[in-house]
*Asks:* 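Below is a structure I'd like to ask you about.
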Amino acid sequence: MAESTSSQRADLERAVRRYGGYWDTERGLRTLRDAGHDPQDKHTRRILRDLASEGLLVKVEDRPVRYRLAARRSR
């Protein structure tokens, strides 16, 4: 089944913003499956890296790779 990768990204970003905490590939895969997607490991890792490069997540561990929600900056 072909899926819009942008909808997977949007669903994962929404979950990260809503639930915060620590994120890794397994949590991302579970979240996307719960949202009705059929995610692939490689694509899920790419989404997490993209969210980190945009500043939403911060890498806290290299092996295995784990991220956490970045602290909000006051304006």
*Asks:* If I take atom CD1 from residue Ile47 and atom NZ from residue Lys42, how far apart are they, to the nearest 0.5 angstrom?
*Replies:* 13.5 Å
*Asks:* Holding to side-chain hydrogen bond (donor to acceptor under 3.5 Å, both in side chains), I want the full list of residues that pass it with Asp24, two or more places apart in sequence or in another chain.
*Replies:* none
*Asks:* Is Leu29 linked to Trp23 within one hydrophobic cluster, defined over Ile, Leu, Val, Met, Phe, Trp and Tyr using a side-chain heavy-atom separation of less than 4.5 Å?
*Replies:* no
*Asks:* For residues 25-36, which residue pairs qualify under side chain to side chain donor-acceptor pair (under 3.5 Å), counting only residues two or more places apart or in two chains?
*Replies:* none
*Asks:* Enumerate the residue pairs fulfilling side chain to side chain donor-acceptor pair (under 3.5 Å) with a member in residues 11-22, sequence neighbours excluded, ordered by first and then second residue.
*Replies:* Arg9-Glu13, Asp11-Arg14, Asp11-His37, Glu13-Arg17
*Asks:* For residues 57-71, dump all side-chain donor-acceptor pairs below 3.5 Å to protein atoms at least two apart in sequence or in another chain.
*Replies:*
| residue | atom | partner | partner atom | Å |
| --- | --- | --- | --- | --- |
| Lys59 | NZ | Asp62 | OD1 | 3.4 |
| Glu61 | OE1 | Arg66 | NE | 3.3 |

*Asks:* Please identify each residue that fulfils salt bridge (charged side-chain N to carboxylate O under 4.0 Å, His left out) with Asp50, with sequence neighbours left out.
*Replies:* Arg46
*Asks:* So, taking the atom named OG1 in Thr44 and the one named CD in Gln40, what distance separates them when rounded to the nearest 0.5 Å?
*Replies:* 7.5 Å
*Asks:* Check Gly28 against Leu12 and note the closest heavy-atom contact, atom names and distance.
*Replies:* CA-CD1, 3.9 Å
